[in-house]
There are 2 protein chains.
Amino acid sequence: MKTGTLDIEKVEKVAFILKAIGNPLRIGIIDALRVNHELSVSEISSQLEAEQSLVSHNLLNMKLKGILESRRKGKNIFYRLKLMEVLKVIECMETCNLDDF
Amino acid sequence: MKTGTLDIEKVEKVAFILKAIGNPLRIGIIDALRVNHELSVSEISSQLEAEQSLVSHNLLNMKLKGILESRRKGKNIFYRLKLMEVLKVIECMETCNLDDF
DNA sequence: CAAATATATGAATATATGTTCATATATTCA
DNA sequence: TGAATATATGAACATATATTCATATATTTG
């Protein structure tokens with residue numbers, strides 16, 4: 001596959017990232033981490049009103065893909081953004097008017 | 001599900017859009033349409049070196065989702081961007097340095 | 001050490017997605 | 001009208017994804 005301005009590698013990376021975050025729960029997680037910088041799994045679970053296990057799966061998924069990182073602090077594991085570029089995407093979308101979409 | 005700054009509806013929309021474009025071929029298509037404004041199916045097929053049918057499926061897919069629109073001109077059908085917001089995302093990602101990702 | 005708490009793990013499953021192929025449809029033009 | 005060209009369609013299939021559930025692991029604290 002060829003492209004317009006972006007080289008293949010970049011297209012692949014961009015697609016990989018957008019696909020990785022293109023899910024309501026994961027957008028919600030990123031949005032939460034955008035505001036709070038660092039949150040534990042249970043904090044995210046309760047904030048987003050989502051199952052612990054589901055949140056954990058998604059956090060690990062994004063960590064595996066290099067989008068998040070984590071550290072343990074006692075019984076908790078705190079996650080935070082690693083790939084700050086996703087912030088730009090979220091903020092970019094946040095400013096969009098998607099009312100008639 | 002609750003969120004940080006974004007309301008649920010917006011989170012859903014953003015996720016929907018990112019998921020809809022989060023694919024190498026589709027990013028390639030959008031990138032091509034970003035540069036060329038309007039392209040026929042066969043032009044896209046040859047530019048991206050992808051199967052006609054595959055391209056068609058993806059174009060219709062994005063059209064169905066409100067991201068692209070099309071018009072017929074003779075034997076050709078020309079597609080162009082409809083949801084300009086996706087441009088922002090692509091351009092945003094384009095400026096990112098993803099070398100060490 | 002045992003109980004409590006927080007998180008991870010993995011199986012199971014339903015559903016979605018990407019892709020190919022063969023074929024249908026629409027349009028032009030000789 | 002019939003051949004050529006452009007695009008759409010739909011079946012079939014493999015693979016990926018989202019979600020739930022039960023359970024394992026790690027850590028703290030009594």
Practice prompt. Using side chain to side chain donor-acceptor pair (under 3.5 Å) as the criterion, point out the one residue from K63(B), K65(B), H57(B) that pairs with N61(B).
Written response: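 That would be K65(B).
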
Spacing of [X] atom [atom1] and [Y] atom [atom2] [to the nearest 0.5 Å]:
{"X": "L54(B)", "Y": "L25(B)", "atom1": "CG", "atom2": "CG", "value": "5.0 Å"}
{"X": "L87(B)", "Y": "C92(B)", "atom1": "CG", "atom2": "SG", "value": "12.0 Å"}
{"X": "M62(B)", "Y": "I21(B)", "atom1": "CE", "atom2": "CD1", "value": "9.0 Å"}
{"X": "N76(B)", "Y": "R71(B)", "atom1": "CG", "atom2": "CZ", "value": "10.0 Å"}
{"X": "I27(B)", "Y": "I90(B)", "atom1": "CD1", "atom2": "CD1", "value": "3.5 Å"}

Worksheet item: Same cluster for I30(A) and F78(A) if Ile/Leu/Val/Met/Phe/Trp/Tyr side chains link at under 4.5 Å?
Response: no

Worksheet item: More than 12 heavy atoms of other residues, nucleotides or ligands under 6.0 Å from CD of E69(B): is that the case?
Response: yes

Within [range]: residues closer than 4.0 Å to DNA chain D (heavy atoms):
{"range": "residues 53-71 of chain A", "value": "S53(A), L54(A), H57(A)"}
{"range": "residues 72-82 of chain B", "value": "K75(B), N76(B), I77(B), Y79(B)"}
{"range": "residues 14-21 of chain A", "value": "K19(A)"}

Worksheet item: Just by distance, do the side chain of R34(B) and the backbone of N36(B) share a donor-acceptor pair under 3.5 Å?
Response: no

Worksheet item: Would you find a donor on one side and an acceptor on the other, under 3.5 Å apart, between the side chain of R26(A) and the backbone of N58(A)?
Response: no

Measure the shortest side-chain to side-chain distance between [X] and [Y] over non-hydrogen atoms and say whether it is less than 4.5 angstrom.
{"X": "L48(B)", "Y": "V55(B)", "answer": "no"}
{"X": "M93(B)", "Y": "K13(A)", "answer": "no"}
{"X": "I17(B)", "Y": "L98(A)", "answer": "yes"}
{"X": "L60(B)", "Y": "Y79(B)", "answer": "yes"}

Practice prompt. Sorted by first residue and then second, give each side chain to side chain donor-acceptor pair (under 3.5 Å) pair with at least one member in residues 81-93 of chain A; sequence neighbours left out.
Written response: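 Every pair satisfying side chain to side chain donor-acceptor pair (under 3.5 Å) with a residue in residues 81-93 of chain A: K88(A)-T95(B).
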
Discussion item. Only Watson-Crick and G-U wobble pairs, only distances under 3.5 Å, only runs of 3 or more: what stems does that leave for DNA chain C?
Written reply: C:1-30 with D:1-30

Worksheet item: 5'-most contact on DNA chain C: E43(A) or Q52(B), nearest heavy atom basis?
Response: E43(A)

Worksheet entry | Where chain A begins and ends its contact with DNA chain D, read 5' to 3' at 4.0 Å from heavy atoms |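 On DNA chain D, the outermost contacted nucleotides are dT17(D) to dT28(D).
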
